[in-house]
Each structure stands twice: as structure tokens, then as C-alpha cells.
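A, B, ... follow the sequence lines: proteins, then strands. Residue 1 opens every chain.
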There are 4 protein chains.
Amino acid sequence: MAHQHSASPSAPDAARRSERSRLAIYDAALALVAEVGYPKTTIEGIAARAGVGKQTIYRWWSSKADVLLEAFLDLGEQAARAAGQEPHAIPDTGDLAADLKQVLRATVDELHDPVFEAPSRALAAEGVVNEELGRRFVAQLLEPSLQLYVDRLRSARDAGDVRADVDPRIALELFVSPLAQRWLQYTGPITYDYTDTLVDYALYGLTPR
Amino acid sequence: MAHQHSASPSAPDAARRSERSRLAIYDAALALVAEVGYPKTTIEGIAARAGVGKQTIYRWWSSKADVLLEAFLDLGEQAARAAGQEPHAIPDTGDLAADLKQVLRATVDELHDPVFEAPSRALAAEGVVNEELGRRFVAQLLEPSLQLYVDRLRSARDAGDVRADVDPRIALELFVSPLAQRWLQYTGPITYDYTDTLVDYALYGLTPR
Amino acid sequence: MAHQHSASPSAPDAARRSERSRLAIYDAALALVAEVGYPKTTIEGIAARAGVGKQTIYRWWSSKADVLLEAFLDLGEQAARAAGQEPHAIPDTGDLAADLKQVLRATVDELHDPVFEAPSRALAAEGVVNEELGRRFVAQLLEPSLQLYVDRLRSARDAGDVRADVDPRIALELFVSPLAQRWLQYTGPITYDYTDTLVDYALYGLTPR
Amino acid sequence: MAHQHSASPSAPDAARRSERSRLAIYDAALALVAEVGYPKTTIEGIAARAGVGKQTIYRWWSSKADVLLEAFLDLGEQAARAAGQEPHAIPDTGDLAADLKQVLRATVDELHDPVFEAPSRALAAEGVVNEELGRRFVAQLLEPSLQLYVDRLRSARDAGDVRADVDPRIALELFVSPLAQRWLQYTGPITYDYTDTLVDYALYGLTPR
DNA sequence: TCGTAACCGAGACGGTACGTCAGGTCTTGCC
DNA sequence: GGCAAGACCTGACGTACCGTCTCGGTTACGA
């Protein structure tokens, strides 16, 4: 689960790893990103704030972004554990439009939550320019969420609410990507109205019926 | 048009500015970003490569990102001037789907062009984390291109090919944003097939007709 | 009188020189040395304070020390003109010891005068490390004063108060140099008692008579 | 013995200090001062020449002058260690004049030694303008040497060769300071004849006996 | 039960780049 | 042509972090 310097020479012994330090580093990293921003967050700063030697960071992670990604994943897991069992699957009331609108409204709220905003923006930005990290970011954070849409759309297809020839992995992008872009690039305001509209446009198309 | 330190104290005298230096800095910045990547591109490196004092950069720009944004804008203007008059409006053959597919295919090609990729990725990444720059990036680079879609969609609406109640500024995001997200975040492959599909889904919707 | 870049190529035309600027530069240089010290006094600072272009300084002087030396000489001339005619020759009451003690006491006072201290210390320091300037400093400032001692000692020799075989130029150093060294190098306190003692030791020797 | 940042906040841990770096810095500082002069000697240059990071210099010293002073002290200690035990006390043959002349002639030689000249001139100059450093320069370099004269003069006083009421600390300045001033300020040539004369004048006075 | 080998906190080290300051040169436009 | 103004290239400043390294100390495994 933790990052592996697998076949590297003289890899550290994960069994002897200090749990206390690991968690202190997560806390420090998230706190610093929130307080001073990602660019001004430094490895030295994280180490100092966590009361940890720099080497302890370099031993287990390969970069600032790496630390933050794990810290953020850990944060998500904690939140999930706190929230109880179910990892918010998309509701299936039979009304696809309503279900999607509801979930997207929840996403709108999340995107406005400052606790998530700073680190996820930082990671997204880093991922734009650093393909390796970008792919990890997507695989570990984004794709699992998107999969929920795939599932819901498949269910709708089975119910005849979505055309049979539609690829759900592409279809979901019609309403998810616009939201993502507005958030990432400040290309427009992010509101319930907006996401509701996206769902309607996507489901029923732009052309007259 | 150029960046303005307008009301700042003791602003430099733009009339005396060295055109030679300005262009050399643009060249150096773009070359370095392409060669070594944005994070390893330094102000010092740009200055050295351009044969310019660091102070000449700090006098006219406030950050590395600032330099690169202007350099990239200048590059675009040059390209536009070179290409001749009209800055690629979207064709209007009467067949909306075909027109959109054609333009998006051109965009796919552009996204694969390494000359544009490095700087625009760098600027996009910086814009994610730096709202001020992000907004400038959008206003000066992105929005003008999006406006072309707005125009084409309005024309289609007049022709009855798009429903009258559709907001074109939102509608265009149905096919543009998914492409943008795949490019920015490596969430999927970028192909002609993919963009063609996006247009079809967006125009005709996901639900059975 | 002013410094000459004599045979240099395209020497400036001294006839068209701005007197107003020259004096403003002197004032600024002396004021800055007094206020912020010699090392923090800069050509740019002098120019700004004098309301003068940098080039006007570089046109007429070759270095910061050069400016200060001329400024200080000018200050001395002004003071002399203000004080009236005679430029303090050493009194000759017939009592050599008393005359020397009196002059040295005046020198002690001068060395404690902050108006003279900052610039003369700065010039002395520069002269230690820059032989060319050091020699100018000595020739134009120090030696004229020392010559007064030579005169007085010669008069004393004629009166039989000093041995005939004594070289006055060396003899004066017995009481002048110790004072100078204490001032320059902080090797000891500078008091009337001290200079009186120096005169006694120098005139009558250290050995029993 | 070494410089103490004693009560300063977060002082570096002297126990971990790199001896290799310390010595390399001394060497580089002395070499550069000798080769290019004190003003053109830079911290950056010393660091580069010593193969050391700039921070390593700033960590342990507060200024260029500080480095040079320690380097020069170290050089003296090395020389002393190399020369064997006794740190040249002044000989006591019973002939005071001869003993002093001999020592001063040795000093004349030393003042002409280029190895010592560059750094000691630089330090003296700095000390003229920077009282704190000047006092350290005197206390650590000058005063110990002067003390030897005090000892010899006291011995002479006990032997009846010097008057009982003479203060040796002042007396020594009669022949030491003139030499110092000629060296520091280029006020005259420095020869054996000159120092011999100084001793004679100082011991027997300027007045007829 | 006692080495001994690893992690750990700490932080010195050789570096690179930062953003600033000043040096000395050059250009522009006024007088 | 001197002058005020100030942009320019250059190079050093002192600082912040980088990633590596060494130093005691403290654990926890294996002889």
C-alpha cells in the first residue's frame, strides 16, 4: 500500500518504519499546503513542522509531490473510515437525471471545501506537468470516483434510459469534465444551476428532438 | 496590451525598453521550457541564454510564469501574422456535426505538437495553482478560441440545428472540456475517434430518441 | 586644481563643467559618508542625493574615493577661507615643548570632531589598501600639515633647542605618529595627557640624563 | 579562542564543523587577497576556490574581514608552530639600543614580505573604518607583539637604562608608531637607517644633552 | 542478554537559484 | 556638448532549499 522503492539497492526496512513520523509528516504537509500554498511548502518545512529529520522524508518518498499525494490519499481514507462504510456510490432512484444532478451538486460543494481545495489543486497542477505523478493522481484518486458514474450509466443503459451504443466512460465526461475544467482553470462559475444544465444538455443533446 | 505595472511606484520607462532584449527573452524562455521543462527553467537561465541581465527580466516581469505567458502570447501572434489574415474561425458548411468534428481534429493535432505542448502545459499547471495567472491565461489564450465555438453554435441555433434554449457558452464545454481534461490530466487517450464521439454524444444526447 | 584625466581620449571640456553639480556632489558625498558610513556610500546614492546623473560623476572622477578626497579637500579649503587668512602655522613662543603640546592638543580636539572623522577615516582606510590614493591623500592633506612641524623644529634647531644633527622630518614622527596610530588603529586612548607625555618623551628621551 | 556566536539564536554546532572546510577557506582567502587584492576578494570567490558552499562561510563568519582575520591569525599560529617554541621575545643583551634596532630591522623585513603584506594591509584598512574589527585586530595581532617591547623596556628600566618615570606602553610608540605610519600611509621610506635613527632619537631625545 | 544494525532527529555540507543592489557604460532628450 | 535620467549587462550580495552525508540516540531483532 505504501510507496515501494522495491528493487532499489539497500531499500529501507518498512517493518521498522516509524508510524508516528509518517502521520506527523502527512499532517505537516497538508497543513503547510493549506497555510502557505504548495510552492512555498518545502521538504525542510515539512520536516521541521513534523519534528522529523529530513532524511526520514527522503528515505520514504521521492519528492514533495509524492508526500502530498500520499498524505491526501490518507486523508481520503480517514474521511471514508469516519463517514462509515459505503464509499458514496451514486444513488439509483430510477431517475437518472435527478441522480446525476444530486451527485454533481455534492461535488460542487466539495470543490468549494477549502480543506480539499489546496492539496488537490496542488496535486492536479503538479500532475499537469509531471506525467508520472499525473497518472498516479488519476489512477488513485480520480478514476475510482469516475468508475461510480460508469456503474450508474451502465445501470441506466440496462434500464433503457441510455442508448445501448453509448460508451459510459466517455459519456460521463460530458458532465464531469466541464465541471473539472471550470474548477481547474477558472473558466467559469461553479453552481448548482450549471451542473444541472450540464446533465440536461448531456442527456438530451443540443439538437432539437 | 503588454503587461502594465501601471500605478506602481517608480515604474520603468517603457519607451526606453530594449526590443532586442524583450524578444531574446521570449526566445530563451520558450526554448528552455521546451528543452529542460518548466520547473528546471530558471530566471537566471533565461537571462543567461538571452544574453541579458537578470534585472532586465525583473524590471519588466514579476515571475517566471509571467514571462512565459507573454512569450507564448507573442508566439501565437507571430504564428497568426505568419498564417496570414483570418485567425481560424470555425467553418460553417451547414453541417454542424461535421464542422465541429473537423475543428476538434485540428485541435487534437495541435495538442500533439511539441512546440505548443511544453509551454502551454506549464502555463496551465501554473494557472491551476495561481489564480491570478490562471485567469490571465484563460482570458488571453483560451477564451478567444472558445468564442469561436460560441459563434458557430449561435449560427447553428439560428439555422434551427440547435435548440433555442441552449446556452452556447455552456454547450461548447460538452465537447471541449472532455478533450481538455484528457490532455491536462492524462485521463484517457486523445484521438479523432474520441472527439468525433464527443460531438455525436453532445449533439444528440445520451438518451434514446 | 580639479582632477585631470589629462591625455585621455575625448577628455571632457572642463570649461563647460557645471559648478552647481560639482558642489552638490561634494555635499552629497560628505553627507552620506557621515550618515551611513563609507562602505554604504555609493556612487548611485551620491548622484541621487546630489540630483545629478551618474555619468556626471563618472565623467569627472574615477572612483568613490576620488570624489571623497576632492570633497574633503574642498571642505578644508572652505574652512580655511572661513577661518580667515593664516592656515594655522605652529606658534613659536620660544618654548618648543609648550608650542608642540598646544598644537597637539588642538589636533586631539580635531580628531574627536565627527565632521572630520568620518571622511578622513574613510580616506585613510582606502589609502592603506590603494597606494595611489594613499599617496595623494598624504601629499595633499597630511604632508602640508607635517611641514609646519618641520618648520617649527628647524626654528628650534636654529635656536639651539634641538640638536643640530636631528632630521626634523623624522623627529616630528616621534610625537605625531603615535597619535596617528592610536587614532587609526584604536591602539589606545587619545588625551591631552597622552600627547603632552609624547612631547616630553620625544624631546628629552627615554634614558636618564 | 575562535570566534563565538555565543548567545545567538540557533548557533551552529561547532562540534560538527568540518575542519577540512575551515582550512580550505583560510587558504583560499589568503591566496585571493594576495592575488587579486582585498576589494576584489569576494565571499563567492573564496567559497568557489575552497570548494565549499557559500553558506558554510556565512555559517561560521559574519563578514569577509572576519574570515581574513581568522585566516591570518591561523597563519601566524602555524608559522609560530613551525618556527619552534619561543615566539620571538626581544633579545636582552644589556645593550637596549642595539636590541631594539635589531628587532625593528626584523620588522622592516617582515613589512616587505609580500605574504604578510596583502592580508595585514587589508585588515588594517578594514580596522580603520570598522572599529569592532579594528579592536579585534589590535587585541589579537598587534598588542601581543607590543607587549614584548613593554617587557624589554621594563627590564631596561630595572637595569637603570630607562628613566623610572617612563611608561613603557607609551615609550614603545616612539619608535613603533612612526614605522607603522610610514607603512600604513606611505608617508616615507622604510629602511634600516630609518629605524636605527628612530631608536636613537627616542632613547636620547631631540634636545641637546 | 547482549551486541548490532536499522531507523530516527538533527543539522552541516556542497550546491543552485533566488531576488536585490550597485558598478560602470550607453542612449535619449533637454538646455 | 554637458547634463539628468535611467535602461542595460555584469557580478556579488546574503538567503532559502535542495538532496547527501554524518553524528549520537534509541529501538528491536538475532546470535
Side-chain angles (χ1 to χ4, degrees), chain A residues 10-18 20-21 24 40-48 50-60 62-64, chain B residues 10-18 20-21 40-48 50-60 62-64, chain C residues 10 12-18 20-21 24 39-48 50-60 62-64, chain D residues 10-18 20-21 24 39-48 50-60 62-64:
Chain A
S10 71
D13 178 351
R16 311 189 60 170
R17 183 169 183 183
S18 162
R20 159 190 293 275
S21 294
K40 289 193 177 175
T41 297
T42 65
I43 300 261
E44 290 209 337
I46 296 171
V52 138
K54 278 199 288 179
Q55 202 55 250
T56 300
I57 297 184
Y58 285 110
R59 190 163 16 241
W60 301 108
S62 60
S63 69
K64 178 171 72 161
Chain B
S10 72
D13 179 350
R16 296 232 169 142
R17 185 166 183 183
S18 161
R20 160 189 294 274
S21 293
K40 289 194 177 173
T41 295
T42 64
I43 300 258
E44 216 149 61
I46 296 172
V52 140
K54 277 201 285 180
Q55 208 52 51
T56 298
I57 297 184
Y58 285 111
R59 185 157 28 235
W60 301 108
S62 60
S63 69
K64 180 170 70 161
Chain C
S10 71
D13 179 351
R16 311 189 58 170
R17 184 168 184 183
S18 161
R20 159 190 293 274
S21 294
K40 289 193 177 173
T41 296
T42 64
I43 300 260
E44 291 208 337
I46 296 172
V52 138
K54 279 201 286 180
Q55 202 54 250
T56 299
I57 297 184
Y58 285 111
R59 189 161 20 240
W60 301 109
S62 61
S63 69
K64 180 170 68 161
Chain D
S10 72
D13 180 349
R16 294 231 170 144
R17 183 165 184 185
S18 162
R20 160 190 293 274
S21 294
K40 288 194 177 173
T41 295
T42 64
I43 300 258
E44 214 149 62
I46 295 172
V52 140
K54 277 200 286 179
Q55 207 52 50
T56 299
I57 297 184
Y58 286 110
R59 183 153 34 231
W60 301 109
S62 58
S63 68
K64 180 171 69 161

Can you identify which nucleotide, out of [options], has its nearest atom closest to the [X] side chain?
X       : options                : answer
A:Tyr58 : E:dA10, F:dC8, F:dC18  : F:dC18
B:Val52 : E:dA5, F:dA5, F:dC9    : F:dC9
A:Ile43 : F:dC13, E:dA22, F:dG19 : F:dG19
B:Arg17 : E:dG23, E:dA17, F:dC8  : F:dC8
B:Gln55 : E:dG15, F:dT10, E:dA12 : F:dT10
A:Glu44 : F:dC18, E:dG24, F:dA28 : F:dC18
C:Lys54 : E:dA17, E:dT27, E:dG24 : E:dG24

Separation of [X] atom [atom1] from [N] atom [atom2], in whole Å?
X       : N      : atom1 : atom2 : answer
C:Ile46 : E:dG24 : CD1   : P     : 11 Å
C:Arg16 : E:dC31 : CZ    : P     : 15 Å
A:Asp13 : F:dC29 : CG    : C1'   : 10 Å
A:Lys40 : F:dC17 : NZ    : P     : 10 Å

For D:Thr42, is there any backbone N or O sitting under 3.5 Å from a side-chain donor or acceptor partner on D:Lys64?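 No; zero donor-acceptor contacts below 3.5 Å.
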Would you tell me if any nitrogen or oxygen in the side chain of [X] comes within less than 4.0 Å of OP1 or OP2 on [N]?
X       : N      : result
D:Arg59 : E:dC13 : yes
A:Ser21 : E:dG9  : yes
D:Trp60 : E:dA12 : no
D:Thr56 : E:dG14 : yes

Between A:Ser63 and B:Gly53, which has a closest nucleotide on DNA chain F that is more 5'?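 Whichever sits nearer the 5' end wins; that is B:Gly53.
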Contact summary for [X] and [Y], nearest pair of heavy atoms:
X       : Y       : result
D:Ala24 : D:Ala50 : O-CB, 3.5 Å
A:Trp60 : A:Ala14 : CH2-CA, 3.7 Å
C:Ile43 : C:Ile57 : O-CD1, 3.9 Å

Side chain to side chain contact (heavy atoms under 4.5 Å, CB included) between B:Arg16 and B:Asp13: does it pass, once the steps are laid out? CA-CA 6 Å; B:Arg16 296 232 169 142; B:Asp13 179 350; 3.6 Å; yes
Earlier contact from the 5' end, DNA chain E, for A:Ala50 and D:Gly51: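 Checking each residue's closest nucleotide, the 5'-ward one belongs to A:Ala50.
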Reckon D:Gly45 touches a base, only the sugar-phosphate, or nothing at all at heavy-atom distances under 4.0 Å?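 Nothing: the residue D:Gly45, judged by heavy atoms under 4.0 Å, touches no strand.
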Pairing pattern in dot-bracket form [Watson-Crick, G-U; both distances under 3.5 Å; | = partner strand] for DNA chain F: |||||||||||||||||||||||||||||||
